[in-house]
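The structure under discussion appears below in the form of structure tokens.
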Amino acid sequence: MAIRRTWWKEAVGYQIYPSSFMDSNGDGIGDLNGIRSKLDYLKDLGIGFIWITPIYESPNVDNGYDISDYQNILKTFGTMEEFDLLVEEAHVLGIKVIMDLVINHTSNQHPWFLESRSSVKDDYRDYYIWADGKIDGPPNDWVSIFGGSAWEYDETTKQYYLHVFAKEQPDLNWENPRVKRELFSMINWWLDKGIDGFRVDAISHIKKATFETPVADDPFAVFKNVQGIETHLEELRDVLKARDILTVGEANGVSAQEAHQWVGEEEGYFNMLFEFDHISLWNKEEQETLDVVHFKQAITSWQKALADGKGWNALYMENHDIPRSVSNFGSEETVFWKASAKALALTFLLLQGTPFIYQGQEIGMTNMPFRSIEDIDAVDTKNFYYEMIHTGINPEKAMDVVRRTARDNSRTPMQWTAEEYAGFSKRKPWMVINPNKYEINVLDELADSDSVLNFYKKVIRLRAQNEALIYGSYKLYLPEHPQLFVYGRRLEEERFVIIINLSKEFASSDLPENVYIEDWELQLCNLSNHTIHQHTIFAPYEARVYKYKK
Ligand code: GLC
Ligand code: CA
């Protein structure tokens with residue numbers, strides 16, 4: 001099947017975590033005017049759309065993912081007028097704007113929930129999920145993704161409500177048609193304002209199993225992609241697909257085999273999904289090096305599942321929920337840092353799909369050496385830390401786990417300069433700044449032609465200029481090689497091959513049989529551009545892109 005051409009397949013996206021991106025008014029917290037001041041930077045990078053994580057009114061228990069008013073901007077971030085200006089200015093530069101749509105749950109301060117909890121007879125009672133407890137506790141043994149029981153007791157009506165995430169994030173009841181009507185009209189209200197799409201948060205959790213279902217090996221299976229979710233998603237699709245927008249669903253628990261149903265070109269619920277397979281493979285607690293073979297399998301199964309116009313992929317290595325990719329998949333060590341950051345750029349930017357760069361990834365930002373739990377903001381990390389302390393793990397050991405796994409690793413302020421507050425703010429920011437701002441910052445990297453930032457620009461430009469890198473087919477070479485990731489892209493006669501050593505060691509291999517290196521022209525490389533031969537030794541994190549000479 002020929003692949004249908006659209007803007008959201010060709011563009012490269014950029015995820016903005018507003019509180020840590022740019023502070024314009026010196027209160028230490030990033031804001032909308034801060035984003036506006038950096039649009040030129042994003043344009044220069046080659047960005048086609050930005051995805052802004054929640055900026056709605058919120059008590060900020062989960063940094064904006066607990067919304068108390070869907071149709072207002074949180075004052076700390078600015079005003080609705082400033083938001084409109086941001087969209088207008090972005091559009092002038094040819095940058096589209098994607099919002100975060102959080103509709104699995106609201107804040108417990110949302111007026112609907114305040115009403116709902118007030119009485120069992122309240123008109124809004126069924127907006128949320130309430131149940132009687134058992135004699136000795138909650139309705140069942142379900143656990144929250146953020147730790148502890150998924151049920152919270154509410155004194156006023158002596159029932160429990162369900163929360164998949166924090167207890168301040170009660171789950172909406174999607175079985176109630178009024179809830180859906182209300183959410184859909186809110187969605188249309190935003191689309192009428194002229195935004196260009198949504199990243200749809202936690203959407204695989206909107207359907208719950210029956211309360212009798214006990215938790216199994218995967219404790220979250222009771223509310224992850226549960227059968228029957230199709231009906232809700234089809235209704236949502238009919239609202240979203242009425243417009244020419246970009247939609248990307250966050251789909252924990254959806255497998256590559258099911259991907260077609262979720263993002264099939266015709267009937268799919270969304271344009272693309274954030275899958276979890278290639279990310280959850282990585283468990284720093286148990287493993288010290290990346291399992292390259294399994295990583296390639298995970299990537300390839302999604303590339304294949306959505307090939308030939310069957311659907312489309314969302315490509316990412318980082319976001320606000322996971323540690324930095326250089327620290328996780330590459331190496332922070334001085335000798336490897338730069339090469340590995342560039343190698344990781346080639347690992348995802350040239351696959352088939354729409355790439356999403358997370359703020360700071362393009363300069364090679366790394367994990368934060370958090371000193372103590374006081375440095376941490378994320379609600380889940382604090383819960384897990386205190387659980388560890390509770391079970392007798394000593395604080396230093398618990399902090400070790402925190403440093404490797406905390407979401408806050410990617411939430412430290414963007415490093416614009418080497419100044420005291422990294423050019424992010426004039427005042428001490430809400431979150432600690434990584435001390436490596438002296439070595440890793442935008443200002444210095446703009447000036448250095450060999451920087452990670454300039455490498456990102458080159459890769460983005462290469463993708464924009466060669467249709468094969470967007471619409472071409474994907475082929476994995478050397479699937480069993482334990483260090484090298486080698487993949488091809490092809491559109492008719494236009495062919496590319498990308499070779500990446502994803503390890504700290506030298507890697508040797510024969511090139512694939514049909515890749516005679518004499519026929520190929522080097523486009524990009526991250527180390528010296530020496531000539532390679534059919535049998536070659538690649539340096540640690542060496543990465544190259546070749547194009548077939550016609
Ligand atoms: C998603 C968001 C995450 C948030 C959670 C609850 O996973 O990416 O940041 O905490 O949903 O809304
Ligand atoms: Ca501010």
Side-chain angles (χ1 to χ4, degrees), residues 15-38 51-56 58-68 70 73-79 82 86 98-108 110 144-147 150 162-172 198-206 220 223-224 248-254 273-276 279-280 314 316 318-323 356 358 377-384 406-411 413-414 421 423-431:
Q15 183 192 347
I16 293 181
Y17 198 70
S19 46
S20 299
F21 188 61
M22 181 66 202
D23 173 23
S24 73
N25 62 352
D27 65 356
I29 306 169
D31 45 52
L32 293 174
N33 287 340
I35 301 176
R36 287 171 64 199
S37 72
K38 295 296 181 184
W51 148 34
I52 312 175
T53 66
I55 48 173
Y56 316 96
S58 162
N60 268 338
V61 169
D62 185 22
N63 246 307
Y65 282 95
D66 46 324
I67 297 173
S68 53
Y70 284 106
I73 304 286
L74 184 70
K75 276 201 191 63
T76 333
F77 289 138
T79 63
E82 285 160 359
L86 166 62
I98 310 299
M99 298 285 277
D100 215 306
L101 186 61
V102 188
I103 48 180
N104 173 70
H105 48 268
T106 68
S107 158
N108 63 346
H110 194 290
S144 149
I145 294 181
F146 284 178
L162 185 74
H163 60 93
V164 166
F165 296 96
K167 65 179 191 314
E168 295 85 356
Q169 293 168 299
D171 279 53
L172 284 162
F198 291 111
R199 175 267 190 183
V200 192
D201 183 68
I203 198 65
S204 54
H205 302 304
I206 57 176
F220 310 134
F223 41 66
K224 217 163 62 176
V248 50
E250 189 201 23
N252 193 357
V254 179
L273 293 182
F274 287 131
E275 49 85 13
F276 280 54
I279 290 297
S280 51
Y316 74 102
E318 277 185 31
N319 63 37
H320 64 295
D321 288 331
I322 47 180
F356 288 72
Y358 177 69
D377 170 79
V379 53
D380 59 320
T381 310
K382 285 193 207 153
N383 289 347
F384 294 130
R407 304 199 276 178
D408 283 351
N409 276 306
S410 56
R411 298 177 179 186
M414 178 73 182
Y421 301 125
F424 161 77
S425 177
K426 292 198 180 58
R427 228 183 71 185
K428 192 162 185 267
W430 71 284
M431 163 70 90

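Each ligand, and each atom within it, is numbered from 1 in the order the structure gives. From a predicted model like this one, the values you see are computed outputs, not experimental measurements. Side-chain atoms are counted along with the backbone in the values below, which use heavy atoms only and exclude waters and symmetry mates.
For atom 9 (O) of ligand 1, the nearest protein heavy atom (residue, atom name, distance) is Asp321 OD1, 2.7 Å. Closest to atom 7 (O) of ligand 1 among all protein heavy atoms lies Glu250 OE2, 2.8 Å. For atom 5 (C) of ligand 1, the closest non-hydrogen atom of the protein is Phe165 CE2, 3.8 Å. Among protein heavy atoms, atom 2 (C) of ligand 1 sits closest to Asp201 OD1, 3.1 Å. Ranking the protein heavy atoms by distance from atom 4 (C) of ligand 1 puts Asp62 OD2, 3.3 Å first.
Every atom of ligand 1 with a heavy atom of His320 under 4.0 Å away is listed here by number and element: 2 (C), 3 (C), 8 (O), 9 (O). The atoms of ligand 1 that sit less than 4.0 Å from any heavy atom of Arg407 are 3 (C), 4 (C), 9 (O), 10 (O). Close contacts between ligand 1 and His105 involve ligand atoms 6 (C), 12 (O) [criterion: under 4.0 Å to a heavy atom].
Nearest N/O/S atom of Asp23 relative to the Ca ion (ligand 2): this is OD1. The atom name of the N/O/S atom in Asp27 closest to the Ca ion (ligand 2) is OD1. The Ca ion (ligand 2) is closest to atom OD2 of Asp31 (considering only N, O or S atoms).
Taking backbone and side-chain atoms together, Asn25 has an N/O/S atom less than 3.0 Å away from the Ca ion (ligand 2). Distances from the Ca ion (ligand 2) show that Gly30 has no N/O/S atom below 3.0 Å.
No option in Asp100, Asn60, Asn104 other than Asp100 meets the side chain to side chain donor-acceptor pair (under 3.5 Å) test with Tyr65.
Ring orientation note: the planes of His320 and Tyr358 are tilted relative to one another, at an angle of 30° to 60°. In this pair, Tyr316 and Phe274 present their aromatic rings perpendicular. The plane angle is above 60°, beyond the 30 to 60° band.
Note on ligand 1: Arg199 sits in its first shell, one or more heavy atoms being nearer than 4.0 Å.
Distance check: Ile52 CD1 to Leu32 CG gives 6.5 Å after rounding to the nearest 0.5 Å.
Shown here for Tyr421 and Pro429, the closest heavy-atom pair between the two residues is CD2-CD, 3.6 Å.
One N or O on the side chain of Ser58 and one on the backbone of Asp66 form a donor-acceptor pair closer than 3.5 Å.
Ring pair Phe146/His163: centre-to-centre distance not below 6.0 Å.
The side chain of Phe146, and not its backbone, has at least one atom closer than 4.0 Å to an atom of ligand 1 (non-hydrogen atoms only; side chain from C-beta on).
In summary, Arg36 and Asp31 do not engage in a salt bridge, as defined by a charged side-chain N under 4.0 Å from a carboxylate O. For Asp408 and Lys382, the salt-bridge test fails: no basic side-chain N is under 4.0 Å from an acidic carboxylate O. A salt bridge does not link Arg411 with Asp377: none of the charged nitrogens is closer than 4.0 Å to a carboxylate oxygen.
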